[in-house]
Amino acid sequence: MSQKVRTAVIPAAGLGTRFLPASKAVPKEMLPIVDVPTIQLVVEEAAAAGIEQVVVVNGRNKSAIEDHFDHAYELENILESRGKSEMVAELRKIANIAQIVSVRQKQALGLGHAIACAHPAVGDEPVAILLADDLFDGGENPGIGQLIKAYGECGGAGVVAVMEVPEGQEHKYGIVDGELDERGFWKVTGLVEKPAPGTAPSRLAIIGRYVLPPEIWPALETTKTGHGGGIQLTDAMVSLIDGPGLYAIPIEGNRYDAGDKIGFLHANLAFALKRDDLREPLLALMKKMLDEA
Ligand code: UTP
């Protein structure tokens, strides 16, 4: 029987080297998709899936994220005095999306280390993990909600979201080896973080959504430095395979790799095209640019 998943962790303490210089003084999780920071989109996804508390793991420049999810009284007062009450309401809503707890990763020692920093705030409970540079547009069906549901059906085993990546792209991801069951879930038998080209056991790539059982906490404590010199979450998850088990779940929706420049631009265009105020002028601009290119 699986415990209720109450808490999500969003790690935001990476160096964000692919987005320098933009990420020099601002965490890359604050970079906007049109006018909304990526971290707000994932906090909204977690809240839509029924998560009660979100633990954000901050690194350098932590105040930007904390301030974003706090009230901004001075700004609100100025906007109010200018008659911009709709904008004020919009800003106030951000401070109330979810209960946000902030913890610190003092050094960027890897994703697994960042998650371990959230342990005291989460407690010995299962945890949902969302990477803010992986964006999901699941419509009415938030990506992490699909995983929380699957977690409830897997008897205490961990679940990770996967998608099939094109051949030759496997070395960019954590790759799963497994057997497909009658529900369409893959029972994971092996995991490898960013396999060398030509060595991947499958094309099933782990993407940034996980729901892991409490057994992940002691596993993280003993995980040694792995790929790229960091403490990797994937390595800690390997120990779940012989314990409570691990399933890879193909989830529905559009996914954007916003940690990569082209993926980030793609996400911006896709989210803008969904907005009534932007769709027509953006399409016109895109057509003009294509004609000129
Ligand atoms: P990434 O590898 O995508 O982020 O980590 P990065 O290292 O910040 O980016 P690049 O590759 O240098 O451009 C995935 C997520 O894990 C967080 C990152 O903030 C990102 O959301 N992370 C990574 C941490 O919180 N701490 C770490 O030590 C490493």
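Each ligand, and each atom within it, is numbered from 1 in the order the structure gives.
Here the heavy atom of the protein found nearest to atom 25 (O) of ligand 1 is Ala13 N, 2.8 Å. Closest protein heavy atom to atom 12 (O) of ligand 1: Thr17 OG1, 2.5 Å. Of the protein's non-hydrogen atoms, Arg18 NH2, 4.3 Å is the one closest to atom 2 (O) of ligand 1. In this structure, atom 3 (O) of ligand 1 lies nearest to the protein heavy atom Asp133 OD2, 2.9 Å. Of the protein's non-hydrogen atoms, Leu111 CD1, 3.5 Å is the one closest to atom 16 (O) of ligand 1.
Atom 22 (N) of ligand 1 has its nearest heavy-atom neighbour, among Gly16, Gly14, Ala12, in Gly14. Among Gln105, Glu29, Gln232, Lys28, the residue whose heavy atom lies closest to atom 26 (N) of ligand 1 is Gln105. Comparing Gly208, Ala108, Gly110 against atom 29 (C) of ligand 1, the shortest heavy-atom distance belongs to Gly110.
Residue Arg203 places its CZ atom among more than 12 non-hydrogen atoms of other residues, nucleotides or ligands, all under 6.0 Å distant. Summarising the local packing, CD of Glu252 is surrounded by 12 or fewer heavy atoms from other residues, nucleotides or ligands at distances under 6.0 Å. At most 12 non-hydrogen atoms from other residues, nucleotides or ligands lie less than 6.0 angstrom from NZ of Lys149.
Atoms SG and CD1, on Cys117 and Ile115 in that order, are 9.0 Å from each other to the nearest 0.5 Å.
The closest side-chain donor-acceptor pair between Asp124 and His119 falls under 3.5 angstrom.
With a heavy-atom cut-off of 4.0 Å, Leu15 touches ligand 1 through its backbone alone.
The minimum heavy-atom distance between Leu278 and Val34, with the atom names listed, is CD1-CG1, 3.6 Å.
Between Leu109 and ligand 1 there is a heavy-atom distance shorter than 4.0 Å.
Residues in residues 166-182 take part in these salt bridge (charged side-chain N to carboxylate O under 4.0 Å, His left out) pairs, two or more places apart or across chains: Asp181-Arg183.
By the 30° and 60° cut-offs, the orientation of the rings of Phe185 relative to Tyr247 is perpendicular.
Taking any N or O of Ala114, backbone or side chain, none lies under 3.5 Å from an N or O belonging to ligand 1.
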